[in-house]
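First the structure, in the form of structure tokens, and then the observations on it.
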Amino acid sequence: MYARVIVDVPSKQTNRPFDYKIPPTLKDWVEVGSRVGVRFGPRMIQGFVVELLEQSEVDDRKLKSIESVLELQPSLTEELVELAKWMSRRYLCNEITALQVMLPGALKAKYEKYIALAEDSGSDSLTNDPLHAKGEMQNEIIHFIKKKQTVEMNELLTRFPNASMLIKKLIINEILIETQNIKNRVSTKKVLMVYPPDNITMLEGYKQELSKQAHKQLEVLQFFIDQPKPIQLSELTKRLNTSSSSIKSLASKQWLKLESTEIYRDPYQKHDFKQSYPLQLTEEQEKVFQTIRQTIHAKRQQLFLLHGVTGSGKTEIYLQTIQQCIHQNREAIVLVPEISLTPQMVERFKSRFGDLVAVLHSRLSAGERFDEWRKIQQKKVKVAIGARSAIFAPFTNIGLIIIDEEHETSYKQQDNPKYHAVEIAKMRSKAHQAAVILGSATPSLETYYESHQSTMQYLPMPSRVAGRAMPTVQVVDMREELKEGNRSMFSRPLHQAIEDRLNKKEQIVLLLNRRGYSTFVMCRSCGHVVSCPHCDISLTYHMNTRHLRCHYCGYAERESSSCPSCSSEHIRYFGTGTQKVEESLTSHFPGIRVIRMDVDTTSEKGSHEKWLNQFRDQKADVLLGTQMVAKGLDFPKVTLVGVIAADTVLNLPDFRAAEKTFQLLTQVSGRAGRHQLPGEVVIQTYNPDHYSVISASHHDYTSFMRTELQSRKQGIYPPYCKLILITFSHENMNLLVRTGESFSEYIKRQQLPSIIDVLGPVASPIPRKKDRYRFQCLIKYRGGWETIHLVHKAVSSLENTVKQTKLQVSVDVDPQMLM
DNA sequence: AGCACGCCGACT
DNA sequence: GTCGGCGTGCTC
């Protein structure tokens with residue numbers, strides 16, 4: 001038997017299967033989806049079995065054997081292996097990259113090289129010439145290794161930085177031996193468990209046999225008489241306040257069993273989830289629920305767009321449809337944007353389905369995530385809830401895939417493979433005959449369009465549960481405010497509203513889409529703007545650290561009191577960041593308690609949760625933050641939502657700017673008045689007449705869509721065409737432009753009927769990042785594989801340039817952002 | 001991606 | 001003459 005293996009070498013030349021023999025001893029273990037260790041050239045690396053063969057086309061003498069199988073159970077299913085192959089063609093990435101993204105990071109192999117002394121090399125091979133520098137070095141190295149038995153190659157090289165050639169030679173001369181192994185980053189966790197005897201009644205007898213002084217042992221036996229269940233050793237000693245020695249002595253008498261057992265690291269171990277039960281559905285919900293229920297029961301592949309306004313009870317629909325799925329003994333995947341994967345959200349699922357839920361998100365440690373993933377793989381759970389990559393949960397019998405906040409850009413992965421979770425969901429639902437629910441209060445234009453053009457079923461839920469009113473929205477023209485002499489960042493209506501809530505002891509959410517203190521620093525004498533030396537972007541001032549920071553590459557420099565260009569002292573900070581708003585709040589409203597949430601305050605593990613809990617417990621009056629406060633939060637006391645500047649998104653150089661603005665405004669407005677108290681929203685803007693702002697203020701999705709669709713049709717943008725964005729980057733601008741031109745020419749020359757337009761090359765919206773200039777081409781086409789294949793060919797034709805000049809080419813199929 | 005092989009310039 | 005630079009090509 002033979003196996004085709006995709007090896008862990010992400011490059012163009014190795015992006016194909018390699019055949020290996022399956023040794024008889026491994027025959028029963030090697031399956032499609034197995035992770036295996038193989039020799040590849042001189043190295044030992046890992047790979048994935050993608051096919052089993054009776055006969056290989058490669059000459060048998062050239063074939064090596066699989067060395068080892070890394071897991072008892074294949075890491076991937078056949079379905080996922082097929083999907084990876086499809087992804088590599090669709091998103092133009094290496095197949096190995098697609099395979100890797102399906103697994104938790106813990107299973108990414110870490111390769112370690114170890115150096116040891118050859119057994120027969122003894123000290124006689126040492127040079128006896130102490131004056132000879134090389135001999136001296138060699139002696140030192142050999143002594144060093146001798147002391148440690150084996151040394152990691154990296155450690156050796158750090159210890160002897162100039163000796164790499166020498167070490168190489170010693171290996172060739174067989175004085176040193178080099179071994180390489182594939183190591184998992186994380187292993188399964190094992191703990192000692194204490195088991196009562198199979199026959200519990202024996203315990204009473206043992207009690208009599210115990211010597212009178214053995215109080216602790218007696219207690220332990222009594223413990224198991226009371227509750228004859230296995231328990232962790234550490235837990236037992238803690239509960240009975242005893243040492244492990246008493247338990248060990250009981251174990252040595254064979255009265256109790258002590259065994260090492262694999263356990264799951266459970267990040268939610270300490271939480272107690274109260275069991276919750278299905279809520280009574282409203283008439284509107286019931287109708288939607290029944291439609292989806294029927295599909296699940298019919299085991300039919302079907303897409304749904306669940307368009308429910310904020311507060312219409314989408315989550316309850318999710319929970320009850322999942323319940324249907326579980327009844328059928330099928331599995332469900334729930335995707336939630338990373339930032340709304342809050343403890344609140346997790347709790348709703350855990351309290352309904354208890355231990356049947358695995359949660360996957362980036363805040364877990366590698367070990368925790370691995371264990372959650374393993375629960376899925378080993379069929380211990382029925383529901384996987386997580387961010388984007390949870391779409392690859394290795395279930396084998398999926399009945400339902402739910403994608404909440406379907407319009408979120410975070411469902412598109414920014415680096416390779418640049419997949420979109422919604423598209424993957426469609427592929428998987430086809431393979432499993434599963435239902436897909438795309439849920440949103442503000443569906444993306446593409447999805448909305450699709451629901452009217454294709455077999456996707458449109459399920460509207462236009463009213464809030466319990467008849468709660470939508471919040472009232474007031475749009476404030478900031479130009480008018482300025483005219484009337486209000487130079488503060490709070491308009492009079494917002495100022496008044498904040499004051500009002502403070503008096504009433506109600507809570508406020510403020511949204512500002514920009515972190516830091518100010519957006520740019522400019523000299524008023526010469527107009528010099530302080531910008532990043534590595535990227536073409538102005539630096540942002542961060543008050544707390546008194547630094548200017550680049551939000552693209554992380555570069556930071558100290559603040560300065562004079563202009564670096566003309567030395568004038570008239571240097572000023574412009575624009576508004578979250579830090580500045582916080583400062584301004586405290587000075588306008590003395591005694592106000594503010595929680596600021598942005599990347600700067602939530603980078604620490606668990607801090608996100610901490611801040612939200614504090615806000616929920618009303619330890620603060622205001623929650624001020626970037627996008628992350630717009631999503632999914634649900635606090636009963638919040639009655640005012642303020643948007644400091646609606647224009648920040650609107651002014652982005654992207655054809656989706658209006659859509660994103662509408663979505664953000666609608667989402668954040670939904671945070672107000674979700675419970676008994678009525679909500680109010682104040683939107684401050686310099687573009688009060690823009691249709692995205694007006695439609696959002698009227699909660700009028702349909703009219704926004706109509707206008708926006710019209711404008712997309714006119715400019716020919718999605719959904720009226722498909723896009724591929726190709727970005728080139730290099731330190732040398734000349735080379736960049738030349739390559740871009742020739743690429744664009746290559747595409748145009750083919751005159752494919754499916755290509756509508758080839759734009760560019762032009763400088764990217766971020767023209768330089770980390771010292772590399774960036775140019776991009778945008779291809780508008782009618783869909784289908786033809787254009788993707790052509791782009792693939794065109795990129796391949798640049799391969800030589802790429803290799804010789806380190807030019808970087810990135811291809812983004814269906815880009816979500818043109819940056 | 002690594003790593004070996006192989007072909008040229010600066011040194012013992 | 002040889003050491004060591006990095007261009008070229010291969011990995012089942």
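Reminder, nothing fancy here: chain letters follow the sequence lines and each chain counts from 1.
One can place CD of A:Q13 at 13 Å from C1' of C:dG7, the figure rounded to the nearest angstrom. Rounded to whole Å, atom P of B:dG2 lies 13 Å from atom CD of A:Q46. For the pair A:M44 CE and C:dT11 C1', the interatomic distance rounds to 15 Å; values are reported in whole Å. In this structure, A:F40 places its CZ atom 13 Å from P of B:dA1, rounding to the nearest Å. Separating the NZ atom of A:K62 from the P atom of C:dT11 is a distance of 5 Å, rounded to the nearest angstrom. Straight-line distance from the CG atom of A:N15 to the P atom of C:dC12: 16 Å, rounded to whole Å. The separation between A:E95 atom CD and B:dA1 atom P is 17 Å, rounded to whole Å. With rounding to whole Å, A:E799 atom CD is found 13 Å from C:dT8 atom C1'.
Among the protein residues, A:R4 comes within range of no part of the nucleic acid, since none of its heavy atoms lies under 4.0 Å from any strand. Residue contacts shown for A:R16 include a base, since a base heavy atom lies under 4.0 Å away.
Between A:V38 and A:Q46 there is no side-chain heavy-atom pair separated by less than 4.5 Å.
Taking a 6.0 Å sphere around CD of A:E557, one finds it holds more than 12 heavy atoms contributed by other residues, nucleotides or ligands. For A:R772, the CZ atom counts as densely surrounded, since its 6.0 Å shell holds more than 12 non-hydrogen atoms of other residues, nucleotides or ligands.
One finds no salt bridge joining A:E57 and A:R4 here, because no Lys/Arg side-chain nitrogen approaches an Asp/Glu carboxylate oxygen to under 4.0 Å.
The side chain of A:T14 approaches B:dA1 more closely than any other nucleotide in the set B:dA1, B:dC3, C:dC12.
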